[in-house]
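A quick write-up on the structure given underneath.
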Number of protein chains: 2
Amino acid sequence: MNKAGQTQTHPAGSRIYSAGKPGQAWRVVSGAVRLDRSGPGVEPMFANLAVEGDIIGAETLLFQRYTFDATALADCVLSPWPEGGGAPAGESLLAVLTASETRAADVVALRCGQALERVKRLIALLGPRPDAPALPSRRDMADITALTTETVSRCISALRRTGMLPPDGQRRGRPQLSHQP
Amino acid sequence: MNKAGQTQTHPAGSRIYSAGKPGQAWRVVSGAVRLDRSGPGVEPMFANLAVEGDIIGAETLLFQRYTFDATALADCVLSPWPEGGGAPAGESLLAVLTASETRAADVVALRCGQALERVKRLIALLGPRPDAPALPSRRDMADITALTTETVSRCISALRRTGMLPPDGQRRGRPQLSHQP
DNA sequence: CGGCTTCTTGAAAAGTATCAAATATAGTGG
DNA sequence: CCACTATATTTGATACTTTTCAAGAAGCCG
């Protein structure tokens, strides 16, 4: 449905691109993206996070192929990067590099301290969403924070009990299986 | 002792540069560097790792000031980057960006799984050192793996018992206090 | 409705942190 | 050159947190 070269939208949970496939770089206009290291025979492992304003897939400018799997943690809007097409200016690349290193430090910090603090930091990093604070799946949150889904669930219950989260976001049932035959 | 603009050496444990100070970017020719996020009033917190071949301090090309504290984990040789001086070529910057994202994924992976596995992965990441397998301090290893110094020490003892590490690297006593008055 | 998946909760087990004390090392000063 | 001091490292015992295992509740889709 999404065509290369123009703005894309991806629903939460959907695959944006896969490691090894050819493609272009994108700016995350809104939403959040999970990046996983994955190879042939290697099970996907969480590698990094991208939030509003971050650039993903920049390695395609060098290799023409993606290095990571990208999955939407929330409903996402992506626009092609660099904006004008062609090669990005050096200064623009430097800004991306600097942002990337800051984000990496954020992600590393998500795995420090006790479970409740980590979950709180993750929710804060995902940003104050306007009205519907739909959280990512427990599995995604667990992979990002290096906890288990059960522990994440307990932390969220605790945050709801203490009023730091609204009493009940909607649950998720059977996910939409998006096969490509 | 080290002069800007030419190759530098830093002994293990020494500060390479500090956040907020002006300076240039460097290539890690050999050794390993720990990067810490640190601000005014904020205690230093481990943020990232750089090993042989990585570039550190690239943000100075944009801001003229370092974003992180850099500390040598092992004896280090650094050379100015980009090599020719001046602005780096776009392709070169892209290569640095890609390497940076790969390294970030490595560091995130150092905080997955049980203590013994993490310590083993850290040692592997620091690279096969030729003859003297001098490990970083327990405190550095603990900060990087998000463990305590005691747990890291127990893991290393276990690795020595099982022969995966030589029976006894030298210990460290009182470190050299390098004040600058 | 039936099947599938995610989410939640409980109880027990495992792993790590914490606290405390002994040992080792390098630098300092006599 | 040797004792002395400050710090790092190691090890042990205990407390705490998280994982693991298990079962039930809830939502989505055909």
Side-chain angles (χ1 to χ4, degrees), chain A residues 11-14 34 71-74 110-123 132-162 165-179, chain B residues 11-14 34 46 71-75 110-123 132-162 165-179:
Chain A
S14 67
R34 160 186 179 163
T71 312
L73 290 172
L110 286 178
R111 292 165 165 237
C112 282
Q114 299 198 166
L116 189 61
E117 300 169 31
R118 292 194 222 172
V119 171
K120 282 200 282 192
R121 277 201 294 266
L122 172 58
I123 293 174
L135 296 170
S137 74
R138 301 299 169 268
R139 170 114 308 278
D140 284 329
M141 297 181 72
D143 290 344
I144 294 168
T145 55
L147 298 168
T148 60
T149 58
E150 292 95 330
T151 299
V152 172
S153 178
R154 280 183 253 263
C155 291
I156 290 176
S157 298
L159 291 174
R160 289 210 233 265
R161 272 195 299 276
T162 59
L165 277 181
D168 197 7
Q170 70 280 14
R171 295 177 121 185
R172 292 197 190 178
R174 179 184 190 178
Q176 61 288 9
L177 326 166
S178 54
H179 303 276
Chain B
S14 66
R34 161 186 178 161
F46 173 75
T71 312
L73 290 172
D75 294 339
L110 285 178
R111 291 164 166 237
C112 282
Q114 298 196 170
L116 188 62
E117 300 169 32
R118 293 193 222 172
V119 171
K120 282 199 283 191
R121 277 200 295 264
L122 172 58
I123 294 174
L135 295 170
S137 75
R138 302 299 170 267
R139 169 115 309 279
D140 285 329
M141 296 181 73
D143 291 343
I144 294 168
T145 55
L147 298 168
T148 60
T149 57
E150 293 94 331
T151 298
V152 171
S153 178
R154 278 184 253 264
C155 290
I156 290 176
S157 298
L159 291 173
R160 289 210 232 266
R161 272 195 299 277
T162 58
L165 278 180
D168 197 6
Q170 71 281 13
R171 294 177 118 183
R172 293 195 190 180
R174 179 184 190 176
Q176 61 289 9
L177 326 165
S178 54
H179 304 276

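So you know, we letter chains A, B, ... as the sequences are listed, proteins then strands, and number each from 1.
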Under-4.0 Å side-chain N/O to phosphate OP1/OP2 contact, B/Arg160 with D/dT10: yes
Heavy-atom side-chain proximity of A/Val152 to A/Leu122 below 4.5 angstrom: no
Bend angle of the helix from C/dC1-D/dG30 to C/dG30-D/dC1, end axes from five pairs each (to 10°): 40°
Shortest non-hydrogen contact from B/Pro166 toward B/Arg160: O-CD, 3.4 Å
Distance, rounded to the nearest Å, where A/Asp143 contributes CG and D/dT19 contributes P: 12 Å
Touch class at under 4.0 angstrom, heavy-atom based, for B/Thr149 against every strand present: nothing
Heavy-atom protein contacts under 4.0 Å, nucleotides 12-21 of chain C, coded B base, S sugar-phosphate only, - none: ---SSSBB--
Partner residues of B/Asp143 under the salt bridge (Lys or Arg N to Asp or Glu O under 4.0 Å) criterion, sequence neighbours left out: B/Arg34, B/Arg139
Distance, rounded to the nearest Å, where A/Arg161 contributes CZ and C/dT9 contributes C1': 10 Å
Sequence-distant partners of A/Glu117, side-chain contact (heavy atoms from CB on, under 4.5 Å), two or more places apart: A/Gln114, A/Arg121
Euclidean distance, atom CG of residue A/Leu159 to atom P of C/dT9 [Å, nearest integer]: 12 Å
Pairing residues for A/Thr71 by the side-chain contact (heavy atoms from CB on, under 4.5 Å) criterion, not counting sequence neighbours: A/Arg15
Spacing of A/Arg138 atom CZ relative to D/dG27 atom C1', expressed in whole Å: 13 Å
Closest non-hydrogen atom pair between B/Arg118 and B/Ala146, with its separation: NH1-O, 3.5 Å
Criterion side-chain contact (heavy atoms from CB on, under 4.5 Å) against B/Met141, the qualifying member of B/Leu147, B/Thr149, B/Leu135: B/Leu135
Counterpart residues, side-chain hydrogen bond (donor to acceptor under 3.5 Å, both in side chains), relative to B/Thr151 (two or more places apart): B/Thr148
